[in-house]
Number of protein chains: 2
Amino acid sequence: MAAVRDGQPGDSGAARTGEAAQVTAAARGGKAAQPRPTLEQVARRAGVGRGTVSRVINGSPRVSDRTRLAVETAVAELGYVPNRVARALAAGSADAIALVVPEPETRFFTEPYFSGIMQGVSAELARTDMQLLLTLLHGQKEQDRFAQYAASHRIDGVLLVSVHTHDTLPDLLAEAEIPAVLNGRRFAAEPLPYVDTDNLGGARAAVAHLLERGRETVATITGPPDMYAAHCRTEGYREALREAGHGEPLIAPGDFTEESGHRAMCELLERRPGLDAVFCASDVMAAGARMALREAGRSVPGDVALVGFDDSAVARHMDPPLTTVRQPIAEMGREMARVLLELLGKWTPGAAYPAGTGTTEPTPRPVAKGDRTHRVLPAELIRRGSS
Amino acid sequence: MAAVRDGQPGDSGAARTGEAAQVTAAARGGKAAQPRPTLEQVARRAGVGRGTVSRVINGSPRVSDRTRLAVETAVAELGYVPNRVARALAAGSADAIALVVPEPETRFFTEPYFSGIMQGVSAELARTDMQLLLTLLHGQKEQDRFAQYAASHRIDGVLLVSVHTHDTLPDLLAEAEIPAVLNGRRFAAEPLPYVDTDNLGGARAAVAHLLERGRETVATITGPPDMYAAHCRTEGYREALREAGHGEPLIAPGDFTEESGHRAMCELLERRPGLDAVFCASDVMAAGARMALREAGRSVPGDVALVGFDDSAVARHMDPPLTTVRQPIAEMGREMARVLLELLGKWTPGAAYPAGTGTTEPTPRPVAKGDRTHRVLPAELIRRGSS
DNA sequence: GAACACTATGGGAGCGCTCCCACGATGATG
DNA sequence: CATCATCGTGGGAGCGCTCCCATAGTGTTC
């Protein structure tokens, strides 16, 4: 049986093995055992010039069928794969975009949110030949350094996740003229391209749902005030109340964490023992609130109806399952990628690959109607047992 | 609810459309407004040669203090940032590694597992100047193409997550001489470098815990047979039973999904109505099993004790909270990065940056004692209410 | 049949860096 | 004082591509 030994974490006493050096030598540029064929070699083998091979590789139409076939044969025979680094250097573009996550947002990691975004981005990028770079920014100083870093020509554009109102990185990127798309906005009139959810509409729908169900005293537990999304959700709560002609809003502040949800719920119960519904600005806070309710001997949804936001993993597994507002997360990721690619001039709807290099800029592009860089996607109410 | 309308408060629709195109133009290779300074320009400004600037940038010791200062000044004045693409081309290395996720594993996305790995990898990589590329492989053909892709000199090494017994990608990478580190093993005697959890030990501890608590009939719900990790967990279950002198194992097959957990639990209840404990090879399956138990009117842990594996998000939020086995996920990510960097000769324990280029290969390296590329990290039992 | 399109093609000139060889200056050595 | 390391340094030669200009080839038009 496979004995399991070795492996105490942190026995990093020693250094590398001889084997490592060997692998290294091969991996490095040096005289590798099996030097990869270059464009030049393909050209020679096909009996054509470098330029022609380049044209074939990049799908230019200005190549005769005979020549194209010859080149393709040579490529296949030699097992040629273009060197993307060389291509990037020559073309002045990096063929890569970065998905940037400010690290304090560990929240993003415990949520399917982040993964969903990634999946969407990746799916959209797979249609192009762009690469996805993942960058977690640990700490403010790294965040400040990043714009410069990005400008070192390794990256064509940036996808920025989880923006706070006072974040400076977006402006730094704009200054450095690095195309960027935000996930969410810093404030209402966000000038930079962004893809956001209709937080207000989602919250309004959630609260309206509670009111329709006959709930009388609907409170809300909010997210951190320095996030515009949280602000919108509170605003949606207010609007729904107003529309239904209900009185005073009942608001307790949270910060999207489970503990804050718990705390806020306790506070609410103290302030207004008779409340019969709570809209939480995140599922995780709803989980905290649920716990506080249980401790207080209140049943859900009997005594108090509960609605969350995000449709995260916890929602489905709560008891009872949590009614919540779902964001089209993967679609947001996809949309972010689309907007960025469009900004970079690398996106053609429906094309499996970016248009060949043959015809360049002059081609008149259909002008988008409406703002193609500021997008707000609808949110959807998912009804479950908690309301 | 289809329109992309913008329903946020205080929206003063500051539409700026033309700007996007502007940004694009600048970002492209063309005659950008603000061409970044090159090494050459730094050299001229500092009154030295290119080589010298390169030496300073890369921290070579063979530069006089006077010259170094002059160069550093010029760098600062010009705001010079090395072009990584050019560097990569010239040096023949990409300064980037790829974290590869076979896409069918959507499982990885709903689990904090994947995020934890990423966090670990990223943390370790941040100590070097390497970049992290994220690659989701959609489908088998893309997987087959990847090795070639990786060889196109964009990547120095690969971190491969979620390996199945019959995966061919690891071998393809090995063939192409691309350094790779697996997360988990394909089988016991995995020849490639890997970082794994002590699945067997964790499972054994979990089952031993159940037996110690006085449970008599302990069943298990297994993972898919084509994953070595699942196999090990089952084996751990068997060992614990054997050690305790218990009889026949009671095994129901699952595939790590919630549905399969539900199904397997139903099957077990039918086969052995009197069972009083179940070890599930994943938390998600435990959630499914929990549901089946509830449907069958069995209480947890009263009638049946439940233990999971992974300590995923659902575990803490189940009712009662799930006893489970935690893997040191972030540590695994970190370890994977370390092993790979070591393979690439880019890792020095404690060094904030890779050693300068001054002294190269010939330096005699201390030979490592023990196998530094095959690592198994311990798992930990987390006791909660379900047992 | 000359003048003028195009089209397909070859190949020079870089992209910005690293590598490495050569060279003068310095100091140690006999 | 000649000899020989050694150090700091400059700059040529690429890395493997893309861009683009020049050119030969093939029609087309009057």
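Please read all numbers here as calculations on a predicted model, not as lab measurements. Naming: A, B, ... by sequence-line order, numbering from 1 per chain.
The separation between B/Arg36 atom CZ and C/dC15 atom P is 16 Å, rounded to whole Å. Between B/Arg44 atom CZ and C/dG16 atom P the separation is 12 Å, expressed in whole Å. Rounding to whole angstrom units, CD of residue A/Glu40 and C1' of D/dC17 are separated by 10 Å. If you take CG of A/Leu89 and P of C/dA13, they are 18 Å apart, rounded to a whole angstrom. Atom pair A/Leu39:CG and D/dG16:P shows a separation of 11 Å (rounding to whole Å applied). We find that CD of A/Gln41 is positioned 10 Å from C1' of D/dG16, with the value rounded to whole Å. What separates CZ of A/Arg62 from P of C/dG10 is a distance of 16 Å, to the nearest Å. Rounded to an integer number of Å, the gap from CZ of B/Arg87 to C1' of D/dG14 is 18 Å.
Picking from D/dG11, D/dC7, D/dG16 the nucleotide with the shortest atom distance to the side chain of B/Arg55 gives D/dG11. Side-chain proximity of A/Asn83 to D/dC17, D/dT18, C/dA8: nearest is D/dC17. Nearest to the side chain of B/Asn58, among D/dG11, C/dG10, C/dT18, sits C/dT18. For A/Thr38, whose side chain is taken as the heavy atoms from C-beta onward, the closest listed nucleotide among D/dG10, C/dC17, D/dG16 is D/dG16. For A/Thr52, whose side chain is taken as the heavy atoms from C-beta onward, the closest listed nucleotide among D/dG16, C/dG10, D/dT18 is C/dG10. Checked against D/dG8, D/dC20, D/dG16, the side chain of A/Ala90 finds its nearest nucleotide in D/dG16.
Nearest-nucleotide mapping onto DNA chain D: of A/Tyr80 and B/Gly47, the residue sitting toward the 5' end is B/Gly47.
The side chain to side chain contact (heavy atoms under 4.5 Å, CB included) with B/Leu125 is formed by just one residue from the set B/Ile97, B/Leu99, B/Leu340; it is B/Ile97.
Between the A/Arg55 side chain and the A/Gly51 main chain, a donor and an acceptor come within less than 3.5 Å of each other.
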Please evaluate residues A/Tyr80 and B/Gln148 with respect to the criterion side chain to side chain donor-acceptor pair (under 3.5 Å), reporting the C-alpha separation (whole Å), side-chain torsions for both, the decisive distance (0.1 Å), and the verdict.
CA-CA 9 Å; A/Tyr80 169 74; B/Gln148 215 188 30; over 6 Å; no

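A salt bridge links B/Arg68 with B/Asp65: the distance from a Lys NZ or Arg NE/NH1/NH2 to an Asp or Glu carboxylate oxygen falls below 4.0 Å.
Looking at A/Glu335 and A/Tyr194, their side chains never bring a donor and an acceptor atom within 3.5 Å of each other.
A/Arg50 comes within 4.0 angstrom of a nucleotide base, judged by non-hydrogen atoms across all strands.
Within the 4.0 Å cut-off from OP1 or OP2 of D/dT18, at least one side-chain nitrogen or oxygen of A/Ser54 is found.
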